[in-house]
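Taking it in order: structure first as structure tokens, then the write-up.
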Amino acid sequence: MGNSARVAMPGPALSGGNTGKVSRTGSAVAGIGAAALGAAAGQLVAFLVNPAAAPIVAVGAAIVDRVPTPLKEWAVATLGTADKAVLIGTVVVGVAVLSAVAGILAVRRPAVGYGLFAVIGLIGLLAAATRPAAGQLDWLPSIVGTAVAIGVLRLELRWIADRPGQGPDTRTGIDRRILITGAAGLVAAGAASAVSGGGTAGPSVSAPVTLPTAATPAPGLPAGLEATVPDVSPLRTPIEDFYRIDTALVLPRVSTDTWTLQVDGMVAAPFTLTWAELLAMPMIERDITLTCVSNPIGGPYIGSTRFLGVRVADLLRRAQPSADADQVLSSSVDGFTASTPLAVLLDGRDAMVAVAMDGQPLTQLHGFPARLVTPGLYGYVGATKWLSRLKVSTFAADEAYWTQRGWSENGPVKTATRIDTPVERIAPGKAMIAGVAWATHRGVGKVEVQVDNGPWTVARLGPDVGLDYWRQWYLPWDATSGPHRLTARAYDASGLPQIEAVQDVLPDGATGYHVVQVNVG
Ligand SMILES: Nc1nc2c(c(=O)[nH]1)N[C@H]1C(S)=C(S)[C@@H](COP(=O)(O)O)O[C@H]1N2
Ligand SMILES: [Mo]
């Protein structure tokens, strides 16, 4: 304990060759450097144990799971899909500030600095260990990270207290070893998070998956309006443009070697499928439009593509659900859950456990190796990615992730339309008003467009790809100079118009007409 006794002494009392007082900046840098090296160590251990258990990421994930729904909606609305980067950035800044404080306090009272690091580590540990899909070793990255941070801080305090021969950097007045440690910490933390694919953009898992051919293939996709109408959404969304919404700060990495799908709960014959067993089942191929309940009117969180997969109804029939069951709770490997009405899954629609989008294995972003897709329902109630389990159950017994957070238990997609073009400014003369409309699983019957306060005019519809797919539309327009307001509304195939009253996305999807202001001139 000789060393710690020395460290415990306040700087000036040490005198011995120690001349100056310790700069506040220097001790703050010491704290940040120690924390950065600790974070790097935690990140590296997490890389080996479970990337989602890295302390910073785990704290971010805990925040994601706990922030009040209105705040989350605000974040999605203002930050869009950058919300994850902003969240992680906020956690990093928070830890940096606390570490700077820990460094400053530690110069006079080392125990306080160590204690603060221990508290930060404990928060990381608790966040990691209480994640819904926590692994057995998920506490380890935080422990190692904290130990490294405290160890480094201890060393730095020794440097601060006793620095003969190692004078401060002439420009900053900070001990060079502390500056070097800080720089090394930042580099190491950056490198470690890059290595472990921290953040949102891990490379996609491109396992050599050979896709089976569909027992019932989809017919060829007709040519879309995009060939003739500039700027309309293409009939099929390219996968790289397909929206991505999920709670995952670290994308789950699932190997098809170990992946299984458990089908159980209130069933007579529970079973578990391996990847090979799933692929051996009859596959359907269907064109389906997927939408997020958080998509604002006119928003981007919608995509349409071709899915290949096994009918959920085939799986459920094999398991034989109990007559008392009314929902299927689907789980992801990362702990996310969605509840889908059992009746919906058995009513003949093409709900499937999908293994491919647009002729390619699912990308990691979109749920590799298998996800649920339920035509007609918003993603949060029927599109679980990184799917691992289908539990037949009741709404009374099991509440899904978003239902626990105030979103509606039922999530049928509302009829809506989006004006894709024009936006903002165009030249006077011949123009094209165009967009997409959807009334998923009911089909689009009609789209109407209104210019300013003029009459509602029926738009021309693009090719019909089925009830579960969006419909492109366009209306030629002779644009006159000046500002104009364009409004569009869709009807489903039964003739019901979309809801006009404006409602926000919470709790069951936005309503209201899409309105676009354009300046012609
Ligand atoms: N595991 C998991 N699956 C999930 C989610 C999630 O957060 N975690 N989000 C759901 C929501 S809200 C939507 S809208 C869709 C989006 O699917 P996409 O990212 O492939 O477009 O995924 C659903 N599946
Ligand atoms: Mo969603």
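If you're wondering where the values come from, they're calculated on a predicted model, not measured in any experiment. Positions are given from 1, in the same order as the sequence printed here. Numbering of ligands and ligand atoms starts at 1, following listing order.
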Plane angle bin for Phe307 and Phe242 - parallel if under 30°, tilted between 30 and 60°, otherwise perpendicular: perpendicular
Aromatic ring proximity, centroids under 6.0 angstrom, Trp456 and Tyr491: no
Below 3.5 Å, can you tabulate the donor-acceptor pairs from side chains in residues 229-238 to any protein atom, sequence neighbours excluded?
unit_1, atom_1, unit_2, atom_2, d
Ser233, OG, Arg418, NH2, 2.8
Ser233, OG, Asp420, OD1, 3.2
Ser233, OG, Asp420, OD2, 2.7
Arg236, NH1, Asp358, OD1, 2.9
Thr237, OG1, Ser304, N, 2.9
Thr237, OG1, Ser304, O, 3.3

Those residues that, when tested against Ser332, pass side-chain hydrogen bond (donor to acceptor under 3.5 Å, both in side chains) (two or more places apart): Asp334
Residue pairs fulfilling side-chain hydrogen bond (donor to acceptor under 3.5 Å, both in side chains) with at least one residue in residues 307-321, sequence neighbours excluded: Arg311-Asp350
Geometric class of the Phe336/Tyr401 ring pair [parallel <30°, tilted 30-60°, perpendicular >60°]: tilted
Are there any N/O pairs under 3.5 Å between ligand 1 and the protein, and if so, what are their distances?
unit_1, atom_1, unit_2, atom_2, d
ligand 1, 1 (N), Ser332, OG, 3.1
ligand 1, 1 (N), Lys385, O, 3.2
ligand 1, 3 (N), Lys385, N, 2.9
ligand 1, 7 (O), Thr247, N, 2.9
ligand 1, 9 (N), Ile245, O, 3.4
ligand 1, 17 (O), Arg371, NH2, 3.0
ligand 1, 19 (O), Ile245, N, 3.0
ligand 1, 19 (O), Lys385, NZ, 2.5
ligand 1, 20 (O), His366, ND1, 2.7
ligand 1, 20 (O), Arg371, NH1, 2.7
ligand 1, 20 (O), Arg371, NH2, 3.4
ligand 1, 21 (O), Tyr243, O, 2.7
ligand 1, 24 (N), Ala383, O, 2.9

